[in-house]
Amino acid sequence: MLEKTFDPKSVEPRLYAAWEASGGFAPIDDPNAETFAIVIPPPNVTGSLHIGHALNNTLQDVLIRFERMRGKAALWLPGTDHAGIATQMVVERQLAAEGNLSRRDLGRDDFVAKVWEWKAKSGGTIVNQLKRLGASCDWSRERFTLDEGLSAAVRKVFVTLYKEKLIYRDKRLVNWDPHFQTAISDLEVEQREVDGHFWHFAYPLEDGSGEIVVATTRPETMLGDTAVAVHPKDERYQHLIGRAVRLPIVNRPVPIIADDYADPEKGSGAVKITPAHDFNDFMVGKRNNLPMINVFDDFARINDEAPPEYRGLDRFAARKKVVEAFEALGLLRGVEKTRHMVPHGDRSGVVVEPYLTDQWYVNAEVLARPAIKAVEEGTTVFAPKAWEKTYFEWMRNIQPWCISRQLWWGHRIPAWFGPDGKIFVAEAEDGARAQAREHYGRDEPLRQDEDVLDTWFSSALWPFSTLGWPEKTEDLARFYPTHTLVTGFDIIFFWVARMMMQGLHFMDEVPFKRIFINALVRDAEGKKMSKSKGNVMDPLELVDDYGADALRFTLTAMSGQARDIKLSRERIEGYRNFGTKLWNATRFTQMNGAARAEGFDPATVKLPLNRWIVGETTRTAKAVTAALGTCGFDAAADSLYRFVWRQYCDWYVELAKPVLGKPDEPNPPPEGVDREARGGDARRASGDEAARDETRATAAWVLDVILKLLHPVMPFLTEELWGQTAGLGAPRAHRGFLMTAPWPDLPDSLIDPAADAVIGLIVETIAEGRSVRSELNVPNSARPPLMVVDATAAQEAVLRDAEPLIRQMLRVEGVEIVEAAPAGAIPYVVEGATLALPVAEFIDVAAERARLGKEVGNLAVDIDRTAKKLANADFVARAPEEVVEENRERLADAEAAKAKLEAALERLGAVV
RNA sequence: GGGCGGCUAGCUCAGCUGGUUAGAGCGCCUGGUUUACACCCAGGAGGUCGGGGGUUCGAACCCCUCGCCGCCCA
């Protein structure tokens, strides 16, 4: 006997350990099985599980469990990302907190050793948190981006692309993060709107004949100005082009040049040009052969290019000092407040500087071409499809990708410099040495590039590096291309696009066939969760409070095509209740002897009730299978919820009660077993042993199907119920965990329209009757008979046979077939049949008149609308025949029902 | 400035390629010791589908336009 409620706290750890120990997370060995692989978006080793991870990994687990049960060789390959900057930051902070030496004092090797130490100790946090969610990853294949194997892949890719000239070294402006003293890529730059100032500076003409005014938000950059530009067609400045100004403070002459970049509409129309510190100015500088003067050091302090009193000043201190100097010189022409976009490092949060350095770049444009084509041709599809636009937009305008980082934690760039700066690129040092020997004719000392690669460089290889590439492993042959990638839209550019590029380049095949972009989880008010706002919902806390299944079901159900999910505790509670409901329904059927029957075949059940639920189960299985097959997670959850609660629990179990129980109740005469002819036979089931046994077997069968269908979303609860019901009746064909049980594959022939009609009539009779009672305030204790006033012979038979059910569920004393309803009986119409409840003594005539009036009114509106439609010759001529026919039937039904209710209304008048 | 989403019941959202009386959950109201479940049961109220125009026999759905709200890229 089951406990009263499901206890996730005790069940979850036990089941997870058992699953893991069983080896069931690994793909099956069968070489003929179709494969289905997912590579996890590797969380940062520094990470801990947030709600976004919970969503992302729940969906992956739903898919992998579904496909595993479908008999595929399902692989969910887990791992973590070394996360260059993030991890280096964490460890540096820890060193500082412990009062240890700084990174620089420690030196590179010792620092990196410290990071590995940290990783060994704290790097597994998120992996354990994933387990609490129920993630069925194949942990035996877990990888880390800095593993030896993955590092070998990184080196091989670097060397290959270098040889193909798709990786090159270039001196250009990069986004420089002065906090970490490293270059970062465009994508790691966040534009933030901040308050600032526009300072208007006067630059005196060199010959003393006047001045030209320029405006800037970054005064300190003027120390590196090498020109002033005006628009070539700007009338005001024609006479100045080719002349020069004397740069204040620096006291250097700089030319006045003509360039389209200057916008005559803005400010004075003249603009200062600092090619070494501004991306636009850099282009102007290139076009006009201007010198590029870098005035910063790596910390964005002023360097020796500036006058001595500025050297060593932080950029913001220098800014202040420059403004003061202009004011003192009488050259400050104005200050305006402004709000403007300023680039910030996404990790450091400090203002990023355009900075002129030598870096390594990937020619992304070339790599992007096949990646664009693959999506255009549908080799890889996005779901929802709308994201393809975002992908195309970026890929078609892609910029060179800066891949070198001046960090210590990461893949060291496999490039060595000779004494003269000549570069030798090889997978290992001896290769570089050999090249150098060849080049110089002798051994020369080589120095390896100090830099490491952008973290995303190694993540881009994830779908094949984790499978063993560049080795030709069995896994690689078997599981590449993977099937589905589940990820967030925030990393389409960072990661998805780059995996597409690298996968196609090195494997000649797309890395995945489908990319499902999941939504962003927000708080109940729709705000992005963030620590600073304090609105973060900790998934582990939610798992503690409601169980992993409730959280999983919630995330699955809310994961529609929308861009965000507004998560609230009420919602999770509701789905926790759903789990409890199924638990209790199981408990109930177990109490009533539900048990699997040996050789049970759902096609051969006799009772309409059982035939009906078998059909509904089939419909649900079809719907869930179709939905999960197309990433329709919300639709799958919805079908399950409605079926389990609204059909199985509310109707099937309720209707089965009289059949299952009270075996001592006298059996009705077992005459005429001709079910078909009579349209149904529910009553004779009551107390009848065959009927009872059939219902017990059917209930057990339906439950097993439910457990299977629900398992991908609620793995713990279903597995627990599977285990708890293992001993009830005949053993299951599948002896192991539900996790590896075969997915239901039910033929349409199990759907029986005749049974649907029988149960439909019974259900409607009860539901409508309840509605009548409730609206007229008929006391619960009243037990009138249900009168069948006007119905077809088949309907009469169904209702008569269903008497025990109707008696119990509608709280009536019996079902009577009558010629006419007695005065004061309350009529209602179900599927063309007129039924009545003689409850005149309880009712308020006015209330009943109102009720009937409302019904008649509703019908009149419907009749009117439908009649108009049918009166429209165009409609009859142009609409499909079945639509017209449907409307004709509808009109006839509504008119008949209306006539009956109007007659009742008249009789009501007569009563009073 | 360019682009992408969204606007449907008090709240959160479903509504597939145009044909339903526009649905669900939560909340609300009424009633409930009924072979499991109060994390429950029964019933009910509540929507001119953001505004306007168009296409169509027929529009929540397609087209145009306007208005908010959100996100991405400049």
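Proteins come first, then strands; the chains are lettered A, B, ... in the order of their sequence lines, and each starts at number 1. These figures come from a predicted structure and were not determined experimentally.
If you take atom C1' in B:A24 and the same atom in B:A14, they sit 7 Å apart, rounded to whole Å. Atom name C1', nucleotides B:C73 and B:U17: the rounded distance is 32 Å, in whole Å. Rounded to whole Å, the separation between the C1' atoms of B:G50 and B:G70 comes to 15 Å. As rounded to the nearest Å, B:G23 and B:A60 have C1' atoms that lie 12 Å from one another. Rounded to the nearest Å, the gap between the P atom of B:G51 and that of B:A59 is 15 Å. For B:C40 and B:C49, the C1' atoms lie 34 Å apart once the distance is rounded to whole Å. Taking the C1' atom of each, B:G15 and B:A9 are spaced 14 Å apart, rounded to whole Å. Taking the C1' atoms as reference points, B:C26 lies 24 Å from B:U20, given to the whole Å.
Not counting sequence neighbours, the partners of A:Glu694 by the side-chain contact (heavy atoms from CB on, under 4.5 Å) test are A:Val605, A:Lys606, A:Leu607, A:Asn610, A:Thr698.
For the pair A:Asp634 CG and B:C13 P, the interatomic distance rounds to 12 Å; values are reported in whole Å. In this structure, CD1 of A:Ile492 is placed 17 Å from P of B:C71, rounded to the nearest angstrom. Between A:Met341 atom CE and B:C73 atom P the separation is 9 Å, expressed in whole Å.
Proximity of A:Arg569 to A:Asp545: side-chain heavy atoms (C-beta onward) are separated by under 4.5 Å at one or more points.
With hydrogens and angles left out, the side chain of A:Glu654 and the base of B:A36 share a donor-acceptor pair within 3.5 Å.
The pair A:Glu616-A:Arg646 fails the salt-bridge criterion, with no side-chain N (NZ, NE, NH1 or NH2) lying under 4.0 Å from an Asp/Glu carboxylate O. Electrostatic pairing of A:Glu895 and A:Lys898 does not count as a salt bridge here, judged by no charged N lying under 4.0 Å from a carboxylate O.
Within 4.0 Å (heavy atoms only), A:Thr580 reaches at least one base atom of the nucleic acid. In this structure, A:Lys581 reaches the bases: a heavy-atom distance under 4.0 Å links it to at least one base atom across the strands shown. Looking at heavy-atom distances under 4.0 Å, A:Arg770 makes contact with sugar-phosphate atoms alone, never a base. Counting any heavy atom pair closer than 4.0 Å across all strands shown, A:Asp650 reaches sugar-phosphate atoms only and no base atom.
The side chain of A:Lys4 contributes an N or O atom lying less than 4.0 Å from OP1 or OP2 of B:C37. Applying the 4.0 Å criterion to OP1 and OP2 of B:G3, one finds that A:Thr390 has every side-chain N and O outside that range.
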Kindly give the atom pairs (protein nitrogen or oxygen, nucleotide nitrogen or oxygen) under 3.5 Å for nucleotides 25-30 of chain B.
| residue | atom | partner | partner atom | Å |
| --- | --- | --- | --- | --- |
| B:G25 | OP1 | A:Arg646 | NH1 | 3.0 |

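For RNA chain B, the stems formed by at least three consecutive Watson-Crick or G-U pairs, with both atom-pair distances below 3.5 Å, span B:1-7 with B:67-73, B:10-13 with B:23-26, B:28-32 with B:40-44, B:50-54 with B:62-66.
Comparing A:Phe493 and A:Glu573 by the nucleotide of RNA chain B whose heavy atom lies nearest to each, the residue mapping closer to the 5' end is A:Glu573. In this structure, A:Lys869 and A:Ser771 both approach RNA chain B, and ranking their closest nucleotides by distance from the 5' end singles out A:Lys869.
Test A:Trp387, A:Phe382, A:Trp394, A:Tyr391 against A:Phe489 for ring-ring contact (aromatic ring centres under 6.0 Å, His included) and you get one pass: A:Trp387.
Proximity note for A:Val653 (side chain, C-beta onward) versus B:A36, B:U34, B:C39: the nearest is B:A36. Side-chain atoms of A:Ala767 lie closest to B:G43 of the nucleotides B:G19, B:G43, B:U35.
Pairing each heavy atom of A:Leu628 with each of A:Ala636, the nearest pair is CD2-CB, 3.6 Å. Of all non-hydrogen atoms in A:Val352 and A:His344, the two that sit nearest each other are CG2-C, 3.5 Å. Nearest heavy-atom pair across A:Ala782 and A:Val778 is CB-CG1, 3.7 Å. Pairing each heavy atom of A:Ile51 with each of A:Leu542, the nearest pair is CD1-CD1, 3.8 Å.
Shown here is A:Glu376, whose CD atom has more than 12 heavy atoms of other residues, nucleotides or ligands within 6.0 Å.
A:Lys581 forms no cation-pi arrangement with A:Tyr641, by the criterion of a distance under 6.0 Å to the ring centre and an angle within 45° of the ring axis.
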